[in-house]
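These notes concern the structure reproduced below.
Residue numbers start from 1 in every chain, and the chains themselves are labelled A, B, ... in the order their sequence lines are given, proteins ahead of strands. FYI, side chains are in, hydrogens and waters are out, and symmetry mates aren't considered; it's all heavy atoms of this structure.
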Amino acid sequence: MVNLNSQDDKKSLHFLEQIIEQDLVSNSKVLTRFPPEPNGYLHIGHAKSICLNFGLAQKYGGECNLRFDDTNPTKEEVEYVDSIKEDVQWLGFQWARELYASDYFEQLYEWAVLFIKKGLAYVCHMTAQEVSDSRGTPTVPGKESPYRNRSVDENLMLFTRMKNGEFQEGECMLRAKIDMASPNMHMRDPIMYRIRYAHHHRTGNDWCIYPMYDFAHGQSDFIEGITHSFCTLEFEVHRPLYEWFLEYIAEPGQAVPKQREFARLNLNYTVMSKRKLLQLVEEKHVNGWDDPRMPTISGLRRRGYTAESIRTFANKVGVSKRENVIDVALLEHCVREDLNSTSARVMAVTDPLKIILTNYPENTTETVYGIINPENPNSEKRAIPFSRELYIERADFMEDAPKKFFRLAPGREVRLKNAYIIMCNEVIKNENGEIIELHCSYDPLSKSGSGTEEAQRKVKATLHWVSIADAVQTEIRLYDRLFTVENPLNTNEQEDFLSYLNPESLQIATAYIEPSIQNAQIGDRFQFERIGYFCVDKDSTTEKLVFNKTVGLRDTWAKVQNK
RNA sequence: UGUCCCGUGGUGUAAUGGUAACACUACUGGUUUUGGUCCAGUCAUUUAAGGUUCGAAUCCUUACGGGACAACCA
C-alpha cells in the first residue's frame with residue numbers, strides 16, 4: 001500500500017486531523033472505513049474520501065475497512081462491488097477487512113426487536129403518501145401516526161410477521177418513535193425497516209425486510225469498532241439520529257463511533273452524482289462507466305491518469321466544511337507533473353504536412369537519436385529514422401507568418417528535433433490553392449549533437465517530425481471537457497444538464513508516430529513531444545494502436561494566438 | 001417567522017488573539033534543440049456594521065450571502 005505520510009511534512013492539521021488528535025488522548029487506535037453503496041462506479045469525489053479515510057488511518061497507525069453499504073437490494077449489483085474493489089486497489093490502498101452491511105442483517109434485526117421492546121419503535125401501516133403528508137415540512141411540525149401507540153406485544157408480533165413475509169411491499173414498515181415535532185426532519189419517527197421482495201446480491205432471498213441507511217450505517221460502524229466515521233456534509237443532519245440509535249445500543253460507557261462531516265469534492269465542467277453519471281451511461285451519451293471523458297476512477301485510469309497523480313490531487317484540494325468547486329486545471333496540473341517526470345518521449349504528427357528535403361539523397365535512411373526522457377539524467381536514447389520525405393505538423397507552418405510565429409515559413413529556418421536545421425524554399429499547392437507539400441533544404445553540417453558551429457546556430461523553433469516511410473499509423477482519441485459550462489447543474493427551467501453536453505468532447509484522428517512506438521503495450525504512457533500525454537487504449541489490436549489523449553502540454557502559443 | 005452548517009485573492013487550502021501564507025489559474029520576464037519543463041516576479045485592506053482588546057481573519061452581537069434537511073435512496 002502506498003504511504004501518504006511522506007507528503008505531509010510539516011503541514012498544519014486539517015479539522016478532521018485535529019479531532020483525531022484530540023481523541024487520541026483517550027483512544028489508542030484509529031479505525032476508519034470507506035463505505036460505498038455498490039450501485040455505481042466510483043468517481044474522483046470518492047477518491048478524495050478514499051484518500052482521506054485510508055490516509056488518516058495510515059497516518060495515525062490504524063486501519064481502514066472497506067464496507068459496502070448494501071441495504072437496498074433493488075439498486076445494488078455485484079458488478080459494482082467488483083469495480084469498487086478494483087478502483088480502491090488501483091488507487092494504491094488495501095483495506096484491513098472487506099465487509100458488508102448485509103453481514104449484519106441478523107444483528108440489526110435483533111436490535112430492531114430491542115427498540116420495540118423498549119417502546120422506541122413501532123410498526124406503522126400508513127402508505128408512502130400518508131407518511132409524506134404527516135411528516136410536515138422543515139417549518140411545520142409533523143403529525144403522529146395513528147399506529148404510534150400500539151403495545152409492545154402487538155409491535156413484536158407485527159414485526160415478526162413482516163419478517164416472515166406476511167405483508168406486501170409498502171403495506172407496513174418499522175418506525176422509530178422519536179418526535180414528530182422535531183425541527184430536524186430526520187427525527188420525525190424515521191423509518192427503520194421496509195419490506196422489499198427483491199433478490200439481494202449477497203443474502204439472496206433470505207430477507208424480505210431491509211434496514212434503512214440510518215438504521216444500518218452507525219450500527220455497522222459500532223459493530224466494527226470504527227472510531228471515526230467520516231462522511232460528506234449532507235449527512236450532518238443525520239448525526240442526531242446516528243447518535244440516538246447508538247445511545248440505546250451501546251452499553252453505558254462503551255465507546256461509540258464519532259460521525260464527522262466534510263465537504264464533498266466538486267469539479268467544474270463535469271457532474272459528480274452517481275445518478276447523473278448512471279444516466280450518461282444508460283442513455284449512451286458516453287461509452288460506458290470507463291469512458292475516458294467520465295470523472296470516474298475507471299474513466300480517468302483509461303484516460304491515462306496515474307494513481308499517484310490522483311492521490312496528489314486529493315491531497316492538494318484539502319479538507320474543510322466549505323462548499324467548493326475545484327478547477328479541473330488543478331487535476332490536469334497534477335497529472336502533467338507526474339507524467340512529465342515519468343513518461344517516455346516520442347515524436348508523433350497528428351495533422352501531417354509533407355516536406356521534401358530537396359538536397360537530401362533519395363532512397364536513404366539514416367538514424368538519429370533522441371533522449372527518451374530528458375527529465376531523467378540517466379535516460380537512455382532511442383533510435384529514430386530520418387529520410388528525405390517527412391511529415392511535420394500542419395500547424396507548424398504558416399505561409400504569411402506574423403512576427404510572433406516562430407515556426408516554419410517561406411525563407412525561414414527551424415530545427416527538426418534531434419536532426420537538422422532546415423529552410424523552407426518553396427510552397428507547393430494544388431489547384432484549389434491548398435498547401436500540399438513544402439520543398440525544403442537541410443544543412444548537413446547542423447546535425448544535432450555534432451557540436452559544429454552550424455549545429456550551434458540559434459533558431460527560433462524546434463519542430464517534431466516523422467519519416468513518412470518509417471512512420472506507424474495509429475488512431476488517437478482526443479478528449480475535451482464533457483460539458484461546455486463550468487456548472488452543468490446550474491440550468492434554467494426548460495433545460496437539463498444534458499443540454500450542456502459538449503458535442504466535441506471526443507474527436508478521433510490519425511497520428512503518424514516514429515517506429516519505436518511499435519512495441520507499446522496497453523496502458524503504456526508517452527509524451528508526444530510538443531503535443532501532450534497519451535496512453536495506449538485497450539481497444540488496440542496487433543494491426544492498429546489506439547491512443548487516448550490524457551492531457552495536452554501547456555500551450556503558450558495557443559494563448560498568444562487567442563489574443 | 002424552522003433547525004443545522006459555512007463565508008479569507010479568479011479557484012482551493014493555511015494562519016487557532018500578534019507581519020494574511022501556500023498551491024493552481026492568469027499575466028510579466030529569464031533559461032531552453034519540446035512556445036513543454038525549470039527559474040524569478042505581479043494579482044487580498046479576510047461579506048458588512050458594531051463591540052471586546054494594546055492588538056481581531058480569529059472572540060461577541062447583528063445584518064447580509066451561500067448550502068443542507070420534507071425518498072419505504074445512500
### Query
Can you tell me if the side-chain N/O atoms of A:Thr462 get under 4.0 Å from OP1 or OP2 in B:G35?
no
### Query
Among B:G2, B:A14, B:A74, which is the nearest nucleotide to the side chain of A:Pro138?
B:G2
### Message
If stacking means aromatic ring centre less than 5.5 angstrom from the base's six-membered ring centre, planes under 30°, is A:Tyr213 stacked on B:A74?
### Response
no
### Task
Classify the nucleic acid contact of A:Asn418 as base, sugar-phosphate or nothing, counting any heavy atom under 4.0 Å across all strands shown.
base
### Summary
By the Watson-Crick or G-U definition, both distances under 3.5 Å, B:U31 is matched with none
### Summary
Here the gap from A:Thr74 atom OG1 to A:Arg196 atom CZ, rounded to the nearest 0.5 Å, amounts to 6.0 Å
### Residue A:Thr71, side-chain atoms from C-beta onward, closest of B:A74, B:C69, B:G12
B:A74
### Message
Among A:Arg457, A:Arg407, A:Lys460, which residue satisfies the salt bridge (charged side-chain N to carboxylate O under 4.0 Å, His left out) criterion with A:Glu413?
### Response
A:Arg457
#### Entry: A:Glu332 CD to A:Tyr305 OH distance, which is reported to the nearest 0.5 Å
5.0 Å
#### Entry: Separation between CD1 of A:Ile226 and CZ of A:Arg67, rounded to the nearest 0.5 Å
6.0 Å
### Query
Is A:Arg264 near enough to B:A74 that one of its side-chain N or O atoms lies under 4.0 angstrom from OP1 or OP2?
no
### Query
Quick one: the side chain of A:His186 and the base of B:A68, do they pair up donor-acceptor inside 3.5 Å?
no
### Message
Just N and O in the side chain of A:Arg530: are any of them under 4.0 Å from OP1 or OP2 of B:G35?
### Response
yes
### Task
Indicate, yes or no, whether a donor-acceptor pair under 3.5 Å links the base of B:U37 to the side chain of A:Arg336.
no
### Task
Can you figure out which of B:G67, B:U37, B:U33 approaches the side chain of A:Lys458 most closely?
B:U33
### Query
A:Ser132 side chain N/O closer than 4.0 Å to the phosphate oxygens (OP1, OP2) of B:A71?
yes
### Query
For B:U33, does either OP1 or OP2 sit under 4.0 Å from a side-chain N or O belonging to A:Ser448?
no
### Query
When we call it a touch if two heavy atoms are under 4.0 Å apart, what does A:Val319 touch: a base, just sugar-phosphate, or nothing?
sugar-phosphate
### Query
What interatomic distance, in whole Å, is found between P of B:U28 and the corresponding atom of B:G36?
13 Å
### Query
So what does A:Glu337 touch, heavy atoms closer than 4.0 Å: a base, only the sugar-phosphate, or nothing?
nothing
#### Entry: Reference residue A:Tyr210; test ring pair (Phe, Tyr, Trp, His ring centres under 6.0 Å); the match among A:Phe105, A:Tyr104, A:Tyr193
A:Phe105
### Task
Name the residue closer to the 5' end of RNA chain B, choosing between A:Phe528 and A:His217 according to the nucleotide with the nearest heavy atom.
A:Phe528
## Note on the structure
Closest to the side chain of A:Pro374, out of B:A68, B:A14, B:G36, is B:G36
### Query
Does A:Arg530 pair with A:Glu393 as a salt bridge, N-O distance under 4.0 Å?
no
### Query
Would you say B:G12 has OP1 or OP2 under 4.0 Å from some side-chain N or O of A:Lys316?
no
### Query
Of all the choices, B:C24, B:A74, B:G12, which nucleotide is nearest to the side chain of A:Ala329 once you look at every atom?
B:C24
### Message
Strictly below 4.0 Å, N to O, side chains only: are A:Glu529 and A:Lys417 in salt-bridge contact?
### Response
yes
### Query
Taking atom P of B:G35 as reference, at what distance in whole Å does atom CD1 of A:Ile392 sit?
13 Å
### Message
Using a distance-only criterion (donor-acceptor N/O pair, under 3.5 Å, no hydrogens), is the base of B:U16 paired with the side chain of A:Gln18?
### Response
yes
#### Entry: B:A20 and B:A63, which share atom name C1', separated by this distance in whole Å
25 Å
### Donor-acceptor pair (no angle test) under 3.5 Å: A:Arg407 side chain, B:G35 base
yes
### Message
Is the terminal nitrogen or CZ of A:Arg202 (NZ for Lys, CZ for Arg) located under 6.0 angstrom from the six-membered ring centre of A:Tyr100 and within 45° of that ring's axis?
### Response
yes
### Who pairs with B:U47 - Watson-Crick or G-U, where each distance is under 3.5 Å
B:A63
### Residue A:His333, side-chain heavy atoms: nucleotide from B:C24, B:U34, B:G36 that is nearest
B:C24
### Between B:U13 (P) and A:Lys321 (NZ): distance, integer Å
13 Å
### Message
Please report whether the ring centroid of A:Tyr122 lies less than 6.0 Å from that of A:Tyr147.
### Response
no
## Note on the structure
Between A:Pro35 and A:Lys559, the residue closer to the 5' end of RNA chain B by nearest nucleotide is A:Lys559
### Task
Quick one: look up who B:A15 pairs with, Watson-Crick or G-U, both distances under 3.5 Å, and put none if it's unpaired.
none
### Message
Measuring to OP1 and OP2 of B:C4, would you say a side-chain N or O of A:Arg239 lies under 4.0 angstrom away?
### Response
no
### Query
Which nucleotide, B:A71, B:G36, B:C72, lies nearest any side-chain atom of A:Met173?
B:C72
### Task
Using a heavy-atom cut-off of under 4.0 Å over every strand shown, decide if A:Phe15 touches base, sugar-phosphate, or nothing.
nothing
### Message
I'd like to know if A:Glu375 reaches the base of B:G36 with its side chain such that a donor and an acceptor end up less than 3.5 angstrom apart.
### Response
yes
### Message
Counting the atoms with a prime plus P, OP1 and OP2 as sugar-phosphate, which does A:Tyr210 contact under 4.0 Å by heavy atoms, base, sugar-phosphate, or nothing?
### Response
nothing
### Query
Is A:Lys404 near enough to B:G35 that one of its side-chain N or O atoms lies under 4.0 angstrom from OP1 or OP2?
no
### Query
Nearest of B:A74, B:U37, B:C4 to any side-chain atom of A:Asn340?
B:U37
### Task
Tell me whether the centres of the aromatic rings in A:Phe159 and A:Phe115 are closer together than 6.0 Å.
no
### Query
Which is true for A:Leu13 with a 4.0 Å heavy-atom rule: it touches a base, it touches only sugar-phosphate, or it touches nothing?
base
### Message
Return the pairing partner of B:G55 with a 3.5 Å limit on both distances, Watson-Crick or G-U wobble; otherwise return none.
### Response
none
### Opposite nucleotide pairing with B:C24, Watson-Crick or G-U, both atom distances under 3.5 Å
B:G10
### Query
Within the structure shown, what part of the strands sits under 4.0 Å from A:Thr139 by heavy-atom distance: base, sugar-phosphate, or nothing?
base
### Summary
A:Phe235 CZ to B:A71 C1', in whole Å, measures 12 Å
### Query
Would one find a side-chain N or O of A:Arg194 under 4.0 angstrom from OP1 or OP2 of B:C73?
yes
### A:Arg135 vs B:C72: side-chain N/O to OP1/OP2 distance below 4.0 Å
yes
### Query
When we call it a touch if two heavy atoms are under 4.0 Å apart, what does A:Arg554 touch: a base, just sugar-phosphate, or nothing?
sugar-phosphate
### Nucleotide nearest A:Ser320 when distance is taken to its side chain, options B:U13, B:C4, B:C72
B:U13
### Message
Mind checking if A:Met192 touches a base, just sugar-phosphate, or nothing, with heavy atoms under 4.0 Å?
### Response
nothing
### Message
So, does A:Thr137 get its side chain near the phosphate of B:G2, meaning an N or O under 4.0 Å from OP1 or OP2?
### Response
no
### Query
Between B:G35, B:C24, B:U33, which one does the side chain of A:Leu330 approach most closely?
B:C24
### Query
Watson-Crick or G-U wobble partner for B:C72, using a 3.5 Å limit on both distances?
none
